[in-house]
Amino acid sequence: MDRKQIVYLTALTFVSVVALPAKNAALARQSGAPATSVGIFENRGDVGTVLHEGSVEYDAAKRSYTIAGSGENMWFGRDAFQFVWKKMSGDVTLTADISFLGKGVNEHRKAVLMTRQSLDADSPYADVALHGSGLTSLQFREEKGAVTHTIQANISAPKRLRIEKRGAYFSMWLADEKGEFHLASGSTRIALKEPFYVGIGVCSHDKDVVEKAVFSNVDLKAAEPAAAAASTLYSTLEIITVASADRRAIYVAPERFEAPNWMPDGKNLIFNRNGRIEKIPVTGGTPQIIDTGFATRCNNDHGISPDGTQLVISDGSQGDHQSLVYIVPIGGGTPRRITQKSPSYWHGWSPDGKTLAFVGERNGEFDIYTIPAAGGEETRLTTAPGLDDGPEYSPDGKYIYFNSERTGHMQIWRMRADGSEQEQITFGEENDWFPHLSPDGHQMVFVTYEASVKGHPENKDVMLRMMSLKDKKITVLAKLFGGQGTMNVPSWSPDGKQFAFVSYQLAPKESARK
C-alpha cells in the first residue's frame, strides 16, 4: 500500500489513538522523538500527576476528538489533565463544540480550550473551561507556579466556545443559538514566550475517576492582530472578589461604557453610557436608564450619597457644555445644580453626607475642592503646581485621598479633610490614579498605568492594585486593557468583599459574526 492510499484511508476511517503514558511522553519530548499527530494537533499526553492515563480518539470524518482525562484538578499552582496540543506562535484562535459524555462524578470536571507555555504542571496558561455544571470561565495562571485565577462568563452551558490570543491578551467568546460569537468576559494579560502550546484537554476533578468529553468542529488558526481602525470596542462590567482576585462578568456590550458605582443595597450597580446613567443588577440583566432630566451629557464622575437616597452626577449639557456637578434623587428626577463654576468633576461624598469633594479647573490649574452638598461656596484644598485629581473621603471622614503629579508623575496622596497635612502614599515608578477606600478603611484600590503614560487615557495596559493601609503592602489584583472609564469613582461593595470595574477590548469586527 503506497502513501497516497494510506492518507486516503485515514481520512475515511475512524482512528483511535491511545495517549502515551505521561512518563514515556516526557521522555519522548526530552529525546527529540518525532511527534504522534492527532488530527490537526501534533501530540498528546498527561500533564501533571494522574493515577489513570488519558486517551484520545479522533474521528477524521467528523473532525471530532473524544478525550478521556483524569487528574485531581486544574487550579491553584499545579494542573493534572489529558492534553492534546500543537506548538504555535503569534495570535491564535481555537474554537470547538464541547459536550461531556455521561452524567459524571464531579460537577467541576472540565473540558478546556487552552494556550499554555509548557507541559510542566505549573506552567503559565490561559484556557476557556466548560465545567460539568455548565459554569464557563476564562482561567489563567500568570506566572510559573502561581495560583490560578478565573473570569466567570455571563453565559452558562454554551455549546460552542472560543479562546482568542491577541498579543498578550486572552479572551473568551461564546456562540449563541444562531452560532454567532459574542465576547463573554473580560480579558487577561499574560506574556507567553514563543512558541507555546495550543490545544484541548479534559480534567476529571477527581484523581480516582476518568471523565470523557467530545470536542467537535474544532477550528485552530492563526489570527491577525486587531487594528484599531478595523476593530470593535467591547466594554465588560466586572466584579472582582478581593480575597481570591477572581472575576465575574456582569454585562458586555460592543460599545464604550464606564465607571461603575455599587449601590448601598448591594444589589445593583450604576454606570454611564452615551451621556446617560444606567442601572443594572449585580447578577446581570438588561440595564435601565435613570431619569436625569436635562442632564444628558453625564461623564464618568458620578456616585451615590452615603444614605443611598441621592445620585450625584457631573454633566456638560448646559451653558458652555463644560462639566458641572448636580444632585438628583436616586430614582431619577430634576437635577439640582451644586457647583457654579466649570469645569467641575465630582469624586467624593463625605460620610456624614454634608460635603462633596470634586476636581475643578480654575485659571488653568486642576485642584481639589470641597462644597456643601446643599450648595454654597467652594473651598480650594490643593495649590501645588500640576494636576490633582480623584478626591475620595476615608470612611471615617478624617482624610481625603487623591492622586497628584506634583512629584513629576502621578502618585497617590492624602490630606486632612480641611486640606492640611498633605502626604504622599505611593512611591513607585508607575502612574497611580483614582484611590478608592474599602468600607472598613483598611484597603485602597487604584488604577496603575505604565511609567511612560501621561494622563489617564483610554485603551491602555493597566493594573488594578490594592494597598493594605496598615503595612503599605501592594498587590496586583488584575492586569487588563483599560484606563479612562475603568474605575474612576467609588466602586466597593457595601460589605467590602468585592469591587466593580470596567475592562475593554479591541476585537476585529468579524469576530462577532463568525
Side-chain angles (χ1 to χ4, degrees), residues 237 239 250 257-273 275-283 285-315 317-318 323-340 344-359 369-379 390-401 417 436-441 487-500:
L237 175 59
I239 290 174
I250 302 302
F257 58 77
E258 302 175 312
N261 303 118
W262 209 303
M263 298 189 72
D265 63 6
K267 298 178 180 180
N268 296 279
L269 296 161
I270 67 170
F271 60 90
N272 63 284
R273 173 168 51 181
R276 308 302 296 271
I277 305 298
E278 302 185 41
K279 174 181 175 182
I280 188 172
V282 297
T283 53
T286 302
Q288 302 295 320
I289 293 176
I290 297 175
D291 176 21
T292 53
F294 61 75
T296 57
R297 294 184 60 178
C298 298
N299 57 51
N300 54 35
D301 295 325
H302 46 74
I304 302 167
S305 62
D307 64 6
T309 64
Q310 300 178 90
L311 171 66
V312 60
I313 57 176
S314 303
D315 173 79
S317 62
Q318 303 299 298
S323 182
L324 291 165
V325 177
Y326 300 86
I327 290 177
V328 300
I330 192 66
T334 302
R336 174 170 59 90
R337 183 169 172 173
I338 304 300
T339 59
Q340 300 304 310
S344 299
Y345 305 88
W346 176 87
H347 276 275
W349 206 316
S350 63
D352 63 9
K354 296 180 179 181
T355 309
L356 305 180
F358 68 95
V359 178
Y369 293 79
T370 58
I371 193 169
E377 294 297 319
E378 62 185 37
T379 300
E392 183 173 313
Y393 283 89
S394 60
D396 60 11
K398 294 180 179 179
Y399 292 94
I400 293 176
Y401 285 73
H436 304 304
L437 281 294
S438 60
D440 62 9
M487 198 175 64
N488 297 58
V489 287
S491 58
W492 280 88
S493 63
D495 63 9
K497 295 180 180 180
Q498 301 172 302
F499 64 86

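Position 1 is the first residue of the sequence; numbering continues from there.
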Exercise for the section: Could you tell me which non-hydrogen atom of Gly496 sits nearest to which non-hydrogen atom of Pro439, and how far apart they are? Expected result: CA-CD, 3.7 Å

Handout entry: Audit row: Leu269, Met263, side chain to side chain contact (heavy atoms under 4.5 Å, CB included) steps and yes/no
Key = CA-CA 6 Å; Leu269 296 161; Met263 298 189 72; over 6 Å; no

Practice task
With Trp262 as reference, evaluate Ile304, Val282, Asp495 under the side chain to side chain contact (heavy atoms under 4.5 Å, CB included) test and give the passing residue.
Solution key: Val282

Practice task
Measure from the side-chain N and O atoms of Asp315 to the backbone N and O of Arg297, and report whether any donor-acceptor pair falls under 3.5 Å.
Solution key: yes

Problem - Note, Ser491 side chain near Asn261 side chain (heavy atom, < 4.5 Å) - result: no

Exercise for the section: Flag the pair Pro287 / Arg273 as yes when at least one side-chain heavy-atom distance between them is below 4.5 Å, and no otherwise. Expected result: yes

Practice task
Grab the two heavy atoms, one from Thr309 and one from Ser305, that are nearest each other, plus how far apart they are.
Solution key: N-OG, 3.2 Å

Exercise for the section: Taking the side chain as every heavy atom from C-beta outward, state whether Glu392 and Trp349 have any atom pair closer than 4.5 Å. Expected result: no

Handout entry: Contact check, side chains of Ile330 and Gln310, non-hydrogen atoms, under 4.5 Å
Key = no

Exercise for the section: State, to 0.1 Å, how close Pro395 and Leu437 come at their nearest heavy-atom pair, and which atoms those are. Expected result: CD-CB, 4.0 Å

Problem - Min side-chain heavy-atom separation Leu237-Phe271 under 4.5 Å - result: yes

Exercise for the section: Examine distances only and state if a side-chain atom of Thr339 and a backbone atom of Leu324 form a donor-acceptor pair shorter than 3.5 Å. Expected result: no

Handout entry: Ser317 side-chain N/O to Phe294 backbone N/O, donor-acceptor pair under 3.5 Å
Key = yes

Exercise for the section: Could you check Arg336 against Val328 for side chain to side chain contact (heavy atoms under 4.5 Å, CB included), going step by step and ending with a plain yes or no? Expected result: CA-CA 6 Å; Arg336 174 170 59 90; Val328 300; over 6 Å; no

Exercise for the section: Could you tell me whether the side chain of Thr334 and the main chain of Gly293 form a donor-acceptor pair under 3.5 Å? Expected result: no

Exercise for the section: Decide yes or no on ring-ring contact (aromatic ring centres under 6.0 Å, His included) for Phe499 and Trp492, but give the supporting numbers first. Expected result: CA-CA 4 Å; Phe499 64 86; Trp492 280 88; 5.6 Å; yes

Practice task
Give a yes or no on whether the backbone of Gln340 and the side-chain of Arg337 come within a donor-acceptor separation of less than 3.5 Å.
Solution key: yes

Completion exercise
All heavy atoms of Asn300 vs all of Ala259, minimum pair found to be O-CB, 3.4 Å

Exercise for the section: With the side chain counted from C-beta on, respond yes when Ile371 and Thr379 share a heavy-atom pair under 4.5 Å apart, and no when they do not. Expected result: no

Exercise for the section: Give the minimum heavy-atom separation between His436 and Met487, together with the two atoms involved. Expected result: NE2-O, 2.8 Å

Completion exercise
In terms of heavy-atom contacts, Asn299 and Ser323 come closest through ND2-OG, 3.1 Å

Practice task
Answer yes or no: is there a side-chain heavy-atom contact under 4.5 Å between Glu278 and Ile290?
Solution key: no

Handout entry: Check: Tyr345 ring centroid to Phe358 ring centroid under 6.0 Å
Key = no

